[in-house]
**Q** 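Okay, here's the structure, questions in a sec.
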Amino acid sequence: MANGQWYPPEWPDRIRALADGTLTPVAPKRAATVLLLKDTPDGPVVHMLRRRASMAFAGGAYAYPGGGVDPRDDDRQIRWAGPARAWWAERLGVDAAGAQAIVCAAVRETYEEAGVLLAGPDPDSVVGDTTGDDWEADRAALVARELSFAEFLDRRGLVLRSDLLGAWTRWITPEFEARRYDTWFFVAALPEGQRTRNASTEADRTVWIRPEDATAGYDKGELLMMPPTVATLRQLLPYGTAAEALAAAPARDMTPVLARARLRDGEIVLSWPGHDEFTKHVPTAPTTAPTTAEPIAEPIAGTPAEMTAETTGGGPA
């Protein structure tokens, strides 16, 4: 293959069904994912999780920490520091309650899947080590949805540090997918004193990788990635530090990226506006029976030879 672009085999039939009107798009669910960065002598690296090879969809692929919004975070004012909810609402293109829920999802999922918590006792501090048994009990309760994020913050006497996040981009799962997500991507720097670890039940390994190494592997066809992964990694290339990337975030365009499928000259053309490298040309004649698609995976990247890795239950980042 010319590159490592992930292309599920059921897509052509689903695209044809959408084009001929026999497939009705489902509404996308809100989600958030975080490009967690840290500086090294060779430049910034980004934290990734490797999906278990046994998973039916995108097994063995690398993903940023992320997941769906917990609806409970729309309903209750949480302990908050940083830009006001109204500022985030305008930045993310939603109402204030929705902005709170999306930011909460970004912070909560990073804690659930990487053990990193962007919160502190006050607006000017961040918690230190979060690897103790009591922290793990709370993290597990969050994962099981036995505890809301607002309740977690109250229990710990913490405020969410929204100022530690930078809204980076927004991608919406294509309309022909069976399960769809409207995903906001954020950047954040690893807080001093905290460590990443593999805390996800869907991952068997965690890694740190330089964006240039990941994109080079993709270009050679050695690394499998979703379009949002390649795009966000390429967007990080100009920045020499995590702080530079965070400083650039407020000026970034948050117009959603949504794949388009159209008929042209006897074929279906699948494209992502503004990202020509991902364009696919699909023959109009069906090749397989339609299948139920799994959701598009969170962005992926990485190769063991180019990473600093942590195995399940492994040491500090």
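Keep in mind that this is a model prediction, so the values were computed, not measured.
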**Q** Could you tell me which non-hydrogen atom of R252 sits nearest to which non-hydrogen atom of T169, and how far apart they are?
**A** NH2-CB, 4.3 Å
**Q** Test of understanding: with side chain to side chain contact (heavy atoms under 4.5 Å, CB included), list the residues that count as partners of T24, not counting sequence neighbours.
**A** none
**Q** Looking at I15 and A261, what are the two nearest heavy atoms and their distance?
**A** CG2-CB, 3.5 Å
**Q** Taking C-beta and beyond as the side chain, do V107 and L117 meet within less than 4.5 Å on heavy atoms?
**A** yes
**Q** Keeping to residues at least two apart or across chains, list the salt bridge (Lys or Arg N to Asp or Glu O under 4.0 Å) pairs with something in residues 21-34.
**A** R30-D74
**Q** Among pairs that include at least one residue of residues 118-127, which meet salt bridge (Lys or Arg N to Asp or Glu O under 4.0 Å), considering only residues two or more places apart or in two chains?
**A** none
**Q** Under a 4.5 Å cut-off applied to non-hydrogen side-chain atoms, are H47 and T206 in contact?
**A** yes
**Q** Using modelled atom types only, decide if a donor and an acceptor are shared between the side chain of R210 and the backbone of V45 within a distance under 3.5 Å.
**A** no
**Q** Can you run down the salt bridge (Lys or Arg N to Asp or Glu O under 4.0 Å) pairs that involve residues 154-169, sequence neighbours left out, and say none if there aren't any?
**A** R76-D154, D134-R156, D138-R155, D138-R156, R161-D163
**Q** Taking the side chain as every heavy atom from C-beta outward, state whether C104 and I78 have any pair of such atoms under 4.5 Å apart.
**A** yes
**Q** In the structure I gave you, are the side-chain heavy atoms of P65 and E109 within less than 4.5 Å of one another anywhere?
**A** no
**Q** Assess whether side-chain contact (heavy atoms from CB on, under 4.5 Å) is satisfied between T40 and W208, documenting all intermediate values.
**A** CA-CA 10 Å; T40 74; W208 290 96; over 6 Å; no
**Q** Heavy-atom distance under 4.5 Å between the side chains of V46 and I209, does that happen here?
**A** yes
**Q** How long is the span from the CZ atom in F186 to the CG atom in L164, to the nearest 0.5 Å?
**A** 12.5 Å
**Q** Could you tell me which non-hydrogen atom of D39 sits nearest to which non-hydrogen atom of A242, and how far apart they are?
**A** OD1-N, 2.8 Å
**Q** Could you tell me if the side chain of H275 sits less than 4.5 Å from the side chain of W171, heavy atoms only?
**A** yes
**Q** Is a donor from one side chain sitting under 3.5 angstrom from an acceptor on the other, for T131 and D129?
**A** yes
**Q** Who are the side chain to side chain contact (heavy atoms under 4.5 Å, CB included) partners of A105, not counting sequence neighbours?
**A** A32, V69, R108
**Q** Counting C-beta onward and ignoring hydrogens, is there a side-chain heavy-atom pair between Y239 and V187 closer than 4.5 Å?
**A** no
**Q** Looking at every heavy atom in both V116 and R195, which two are closest together, and how far apart are they?
**A** CG2-O, 3.8 Å
**Q** Only one of V34, V103, V94 forms a side chain to side chain contact (heavy atoms under 4.5 Å, CB included) with W184, so which one is it?
**A** V94
**Q** State, to 0.1 Å, how close E177 and R14 come at their nearest heavy-atom pair, and which atoms those are.
**A** C-NH2, 3.9 Å
**Q** Using 30° and 60° as the class boundaries, would you call the ring planes of F152 and Y111 parallel, tilted or perpendicular?
**A** parallel
**Q** State, with a plain yes or no, whether a side-chain heavy atom of W272 is found less than 4.5 Å away from one of L270.
**A** yes
**Q** Which pairs, with at least one residue in residues 87-97 and sequence neighbours excluded, count as a side-chain hydrogen bond (donor to acceptor under 3.5 Å, both in side chains)?
**A** W88-S162
**Q** Flag the pair E267 and K280 as a salt bridge only when some basic side-chain nitrogen lies within less than 4.0 angstrom of an acidic carboxylate oxygen.
**A** no
**Q** So which heavy atom on P121 is nearest to which on L158, and how close?
**A** N-CD2, 3.7 Å
